[in-house]
There are 2 protein chains.
Amino acid sequence: MNTPHNPTQNRLLAELELAEFHRLSPHLELVDLARGDVLYQADGKMMYVYFPTTATISVDFVLEDGGTSEIARIGNEGLLGVSLFMGGLSSSGRAVVQMAGYAYRLRAARLMEEFYHKGPLLRLRLRYTHTRLTEISQLALCNSHHSTRQRLCRCLLQMLDRSSSDEIAVTQESIAAMLGVRREGVTDAAGWLQNLGIIKWRRGHVIVLSRAGLDAHVCECYATVCHATSRLLPDLPTVPRAGTHAWRPAVGLPVPVLYRPGAQAKPLWVRGI
Amino acid sequence: MNTPHNPTQNRLLAELELAEFHRLSPHLELVDLARGDVLYQADGKMMYVYFPTTATISVDFVLEDGGTSEIARIGNEGLLGVSLFMGGLSSSGRAVVQMAGYAYRLRAARLMEEFYHKGPLLRLRLRYTHTRLTEISQLALCNSHHSTRQRLCRCLLQMLDRSSSDEIAVTQESIAAMLGVRREGVTDAAGWLQNLGIIKWRRGHVIVLSRAGLDAHVCECYATVCHATSRLLPDLPTVPRAGTHAWRPAVGLPVPVLYRPGAQAKPLWVRGI
DNA sequence: CGTTATCTGTGCGTCCTCGCACAGAGGATC
DNA sequence: GATCCTCTGTGCGAGGACGCACAGATAACG
């Protein structure tokens, strides 16, 4: 079983202490996720917790009229199923595979056992939940204050961070669902970014020509969320990623006080070479 | 010390098992909160966890440009300081007393000790956190899809639920900050509700003339959040409240599928006579 | 290779929200 | 009672997002 796959490709699992990791790993099951796979239905039972390695997963909330918004996007830095160890058995949202890839999963029942070991896993889960709370809060703020263009930049950057190249496989339609806006609105914002030479969009594929261009137009929420994540996983060995531009704060803005306390401008999201 | 105050006026504390409650109660300190008191600063240290009894507390997130949105509103059904037992010591948002009243507080250090008893308190905290996650997610959705008018209705209903009368002490200015819109926008929406004879707004005081009117115009997010709360505190003795109209679903809408599964229309938020 | 389905781009009118400016209206204070 | 400050109401132009309709373009598929 000498596959190139390893649970530690998920950064949360990688954070576990050895003893705990070894207790857990026999129960981790590698799964191959295809784009569009639905892992949780809204209000459906959650059978597994998922730790993505190369896949990314979207959690959406849906309104009665069909309107949607993406509430969380989970890559190898996170975990799907926080509700499970919060004592809820059913998911509040719908979880859909957004980028095909692999994940490890753990049976809910097994997790519940682990739950009462109150070891480092518990601590890590709680810290992760805290991060998620912060992210979602920032999202709520972002939704009510920032334009479609800014939010598109944020969305693209967040997808880029989880992509292994400068290309993202996504349609404007699905971006629209994530942002909770019309498809035409995304087309408009995309056209604007294309005229600026920042991206190129071609039938289900975005090519990011200038990451710096996205950085320059994104709202502060991107940096805030990056910051929350880097606090969660502070001293982790860097994971090789394609993005070569370190994040830098937008120029001309007042010194951010609230969400980057003390810290000088430095890459918020640890990236490889 | 025979005050009319009792920790069990907070519904989360009331849910505790007796043994646990007795272990905790000597450490609970009653505090008198005035409107506007700042309990947490954004990114500030959290010294206490607060369990409101008659007070309500707003958690706001603030943008660099000063824009704000209310992320959570905490009354006697909840607790301020989830981040504390998530392993974070600093608050992500700013917590301000929104309605004056009382709360019990617990030193953070004491909470951390309690934390490792992994008793029912832990379970309850986790369940509460789950509820908060759901609420904030719904808020993010609401912010990106619903009009100021709908959101004003939601906001008023949520305040009314925590009020002891049909009158709410609040200015349009502060509502605007909570909703993340302009003050004039609130004036406009308020004027609309006043013309409909649903409310009356007079210099820092709203009088709700027709709760049913608010119910009729509020978006589904109110019901969703009520539902999440009633799941958290399902079989609790009702707390006397002034609202006399039971919640009922808006007429003419398609049968809600996602967030009120199975259940028939019934009061989502338990109210007393 | 031709058809088909999907994805992207565009135009136009409407509505909502914003930003600004300013006027009236209560309370509070002295 | 006169003055001040805060709160509420209004008007208007600008910009953004929506809803709808439709055209071109490109990948997929038989």
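Chain letters run A, B, ... following the sequence lines, proteins first and then strands; every chain starts at 1. Heavy atoms only: backbone and side chains are in, while hydrogens, waters and symmetry mates are out. Small disclaimer: the values here were computed from a predicted structure and weren't measured.
Counting only residues at least two apart or on different chains, no side chain to side chain donor-acceptor pair (under 3.5 Å) pair has a member in residues 31-40 of chain A. Listed by first and then second residue, the ring-ring contact (aromatic ring centres under 6.0 Å, His included) pairs involving residues 152-197 of chain B are B:W192-B:H217 (not counting sequence neighbours). Within the structure, salt bridge (Lys or Arg N to Asp or Glu O under 4.0 Å) contacts touching residues 136-155 of chain A (residues at least two apart or in different chains) are A:R149-A:D188. Sorted by first and then second residue, the side chain to side chain donor-acceptor pair (under 3.5 Å) pairs involving residues 193-204 of chain A (not counting sequence neighbours) form an empty list.
When rounded to the nearest whole Å, the span between NE2 of A:H146 and C1' of D:dG16 equals 15 Å.
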| request: Kindly indicate, with the supporting measurements, whether the criterion side chain to side chain donor-acceptor pair (under 3.5 Å) is fulfilled by A:Y102 and A:N10. | output: CA-CA 10 Å; A:Y102 289 89; A:N10 179 281; over 6 Å; no

| Taking it one step at a time, do A:S83 and A:S91 satisfy side chain to side chain donor-acceptor pair (under 3.5 Å)? | CA-CA 7 Å; A:S83 302; A:S91 166; 5.7 Å; no

| request: Might you work through the side chain to side chain contact (heavy atoms under 4.5 Å, CB included) test for A:I198 and A:L214, ending with a clear yes or no? | output: CA-CA 7 Å; A:I198 294 174; A:L214 292 178; 3.7 Å; yes

| Given the rule in the side chain to side chain donor-acceptor pair (under 3.5 Å) test, do B:S92 and A:T134 qualify, once you have shown the distances and angles that lead to the verdict? | CA-CA 6 Å; B:S92 316; A:T134 305; 3.1 Å; yes

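Qualifying salt bridge (charged side-chain N to carboxylate O under 4.0 Å, His left out) partners for B:E70, counting only residues two or more places apart in sequence or in other chains: B:R73. Annotation: ring-ring contact (aromatic ring centres under 6.0 Å, His included) contacts of B:H145 (sequence neighbours excluded): none.
Counting only heavy atoms from C-beta outward, the side chains of A:V186 and A:V181 approach each other to under 4.5 Å. Residues B:N76 and B:T54 have side chains not in contact (no heavy-atom distance under 4.5 Å, counting atoms from C-beta outward). The side-chain heavy atoms of A:R105 and A:F51, taken from C-beta on, include no pair separated by under 4.5 Å. Residues B:L179 and B:I175 are in side-chain contact: their nearest non-hydrogen atoms beyond the backbone lie under 4.5 Å apart. Side-chain atoms of B:L156 and B:L193, non-hydrogen and from C-beta on, do get closer than 4.5 Å to each other.
Of the residues in residues 183-196 of chain A, A:R183, A:E184, A:T187, A:Q194 come within less than 4.0 Å of DNA chain C through at least one heavy atom, sorted by number. The stretch residues 169-179 of chain A touches DNA chain C through A:T171, A:Q172, each having a heavy atom within less than 4.0 Å of the strand. DNA chain C is contacted by B:S147, B:T148 of residues 147-154 of chain B, taking any non-hydrogen atom closer than 4.0 Å.
To the nearest 0.5 Å, atoms CG (A:D166) and CD1 (A:I199) are separated by 12.5 Å. Between B:T224 atom OG1 and B:L139 atom CG the span is 12.0 Å, to the nearest 0.5 Å.
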Would you list the protein and nucleotides 27-30 of chain D atom pairs, both N or O, that sit under 3.5 Å from each other?
residue, atom, partner, partner atom, Å
D:dA27, O4', A:R203, NE, 3.2

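One axis for each end of the helix from C:dC1-D:dG30 to C:dC30-D:dG1, each built from five base pairs, and the angle between them comes to 40° at 10° resolution.
The footprint of chain B on DNA chain C, defined by a heavy-atom cutoff below 4.0 Å, extends from C:dT17 to C:dG27.
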